[in-house]
Every structure is written in C-alpha cells, then in structure tokens.
2 protein chains.
Amino acid sequence: MFQGEYTNNMDEKGRVNIPASFRDVLQKSYNETSIIVARDPQNMCLRAYPQREWRRLLAKIGARPSNDRIVQAFKRTVISSAQEYAPDKQGRVLIPQSLRSYAGISKSAVFAGSVDTFEIWDATAWDEQLTASLALLQNQDLDF
Amino acid sequence: MFQGEYTNNMDEKGRVNIPASFRDVLQKSYNETSIIVARDPQNMCLRAYPQREWRRLLAKIGARPSNDRIVQAFKRTVISSAQEYAPDKQGRVLIPQSLRSYAGISKSAVFAGSVDTFEIWDATAWDEQLTASLALLQNQDLDF
DNA sequence: GCGCATAGTGGGTAAAGGTGGGTAATTGCG
DNA sequence: CGCAATTACCCACCTTTACCCACTATGCGC
C-alpha cells in the first residue's frame, strides 16, 4: 500500500520523479508500471491510481444512473482529465500543463501515500492543507 | 509494553538510536524488528507503532465512513506520513526531514513509552509539555 | 577497583534515488 | 509540406541513504 510522504522537484520540462517506494508498490502489489493521473475533485491536488484501482472507480461510477448530476460532474472533472503515464527510465513522468496548473504545482511537489492511491500536491498547498487538517483534529476526541 | 523515558541524540545524518529496551519489547512481545513512525496529530511529536498495532489502527479507520471529514484529515496527517523503518545494525533509524521538522527535533530526542506505542519528542518540547501535563493534573481529583 | 558486556555515537564507503540536460523522434500548425 | 515546439529517450552527475566498522561511555559482577 502507498504510504509515506515524499518531496520531489519538478524540472523545467514539467517532469517529476515518482518516489521509488511508490514505484515499488506499483510493481510488487499490482504488477504494473504505469499510473493513471487525474484531478482530485475535492482537493487542489492530483490523484494517481494503479490501473486496477482506476477500473474499480470506473465500475463504481458505471453502477450509478448516468443522468445523475453528480455523476456527470464527476465524469467531466475527473474522467476527462485522466490519462495513463509510463515513467521513463529514471522513474519520472511528464505532468501536462492543465493538470499542473490545476494543482498549482510550480516546482516542489509532494507525494502523499493514501493506501491504494497517492496524491500529488504543490509543496506550499500541501503545507497549508496540513495545518488545516491538524487544526481540525486538534480538539477532536479521537478514539483511534 | 513500552514504558520509561529515554533521551538519545540525533546525529548530523538524522539518525537516532531507538532505546534498547523498546527494541527488546518489540522483539519479545511482538516478534518484530521494524516500526511504523507517523505524526501524532494531537501533539507536536511522532508516534511509533509495532506493525500489529498499526494494523489495528488502520482497521479502526477503515471501519469508519471514508467521507467523514475527520477521517479524511486523519488520513492526510497520519497515514500519509507513516512509514516503516528497520533499525540498522546499531539499532538506529533515519527520521526523514518532514517528520523531524514536524516534531521540531533538532538534536536531543526523548523517547517516551506509551503502553503499546511510544512517542518521540524534541527534548525541550518534551519538557514543556511535561510541565503543562503536571499543571493539569495538579488540581484534579484522581481516583487512581 | 578492574574487566567485561551492553548501549550509544561517529564516520567512511558503496549503492540507490533523484536531477539536469542533450539529441532524436513526434506532433501540431501555418 | 516544412518548420517550430513539444515529447521521448538516453547519458552523466550529484546528493542522499544504507550498510558496515570502530570507538566511547556506562553499568554490572567479581
């Protein structure tokens, strides 16, 4: 499973290195090499899926009535942006301009494991959302 | 079980020695050698879990609705930061920069046993929270 | 008090992970 | 159909991490 947090730099060509440990998980747990990258509709970040997980998501969508407004919106934002990327020999992928600007990634990118997918954030956006999340949890009664 | 308080120094490479007694507990009570280290969302410290305890935590999270805001925040802060570390031959682990800065650990680190997990604090932060905790207990009616 | 065992610290070296950049192939557009 | 811009692929470098060895400090038993 994808876990841990890594920071890698995007170069001038728009390439970023996928953390080696994530590539390992992809290889060993899924026996795949390429990933599907799409917008995350609820956060200003991108989400990367192994093919198997992506298919599971598609199946879930497919099970819903296709005239549902939420489903339509989801298709428009997420499905439309999704694309498969194969890392190059150095383990990097080229993130297209549209996705880059959606997530606001300029240079420093954070990869955050999220069990069966992982998120890609701009470093400063990540920090902000991290402090926000921490503040939310601060006064909570967590029983776990 | 993990108990007691130990202070060890982090070297320039970011490595700290896990107290031998904690490694013993890990070995004898859990039959494991590596630990999962993650942020503690409610304190400015890190928390180390034996795999078994970590799995228990994941199961608890998994049992909750995944669209719950608290659960999401928890995943972001804790799960994303979690990583497994195997101590080297000397019993040390390398704490990554992001976790180090979260806990504010510069040099001196305090390891505090907490039954089935243990906490890792910056020494001065530990002192502060210790006095705060003592002050809190001062006027309480403790029946234990 | 001395010596041994164990815990903790410092540092060198080889491998792996990550970064920068050049050139060939491809795409898209006039 | 040709040119410019983008993308794919490859090579080489640098930084970080993993692994190993040796040393120091501390505590315990004799």
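Sequence lines set the chain letters: A, B, ... in the order given, protein chains first and strands last, and positions in each chain run from 1.
Using a 4.5 Å heavy-atom threshold, the side chains of Y102(B) and L134(A) count as touching. M10(B) has its side chain out of reach of D122(B): every pair of non-hydrogen atoms, C-beta onward, lies at least 4.5 Å apart. The closest side-chain heavy-atom distance from M44(A) to Q129(A) is not below 4.5 Å.
If you measure from atom CG of D88(B) to atom C1' of dT13(C), you get 15 Å, rounded to the nearest angstrom. Here the P atom of nucleotide dT9(C) and the OH atom of Y6(B) are 14 Å apart, to the nearest Å. Whole-Å rounding puts the F22(B) CZ to dG8(C) P distance at 10 Å. As a whole-Å value, the separation of Q83(B) CD from dT17(D) P is 11 Å. One can place CD of E12(A) at 15 Å from C1' of dT6(D), the figure rounded to the nearest angstrom. Protein atom CD1 of I95(A) is 16 Å distant from nucleotide atom C1' of dT6(D), rounded to whole Å. Between the CZ atom of R92(A) and the C1' atom of dG18(C) there is a distance of 8 Å, given to the nearest Å. Rounded to whole angstrom, the span from the CG atom of L94(B) across to the C1' atom of dG8(C) amounts to 17 Å.
Atom-to-atom distance recorded for I95(A):CD1 and R100(A):CZ is 8.0 Å, nearest 0.5 angstrom.
Nearest nucleotide to the side chain of N8(B), out of dG8(C), dT19(C), dT7(D): dG8(C). Closest to the side chain of K13(A), out of dG21(C), dG10(C), dC10(D), is dG21(C). When each of dA22(D), dG18(C), dT19(C) is scored by its nearest atom to the side-chain atoms of N9(A), the top-ranked nucleotide is dT19(C). Of the listed nucleotides (dG11(C), dT9(C), dG21(C)), dT9(C) has the atom at the smallest distance from the side chain of Q90(B). The listed nucleotides are dG17(C), dG10(C), dG21(C); the one nearest the side chain of R15(A) is dG21(C). Side-chain atoms of K89(A) lie closest to dC10(D) of the nucleotides dT17(D), dC10(D), dG18(C).
Within 4.0 Å (heavy atoms only), D11(A) reaches sugar-phosphate atoms of the nucleic acid but no base atom.
Using a 30° and 60° split on the angle between ring planes, F2(A) and F22(A) fall in the perpendicular class, above 60°.
The base of dG8(C) has none of its N or O atoms less than 3.5 Å from a complementary donor or acceptor on the side chain of R23(B).
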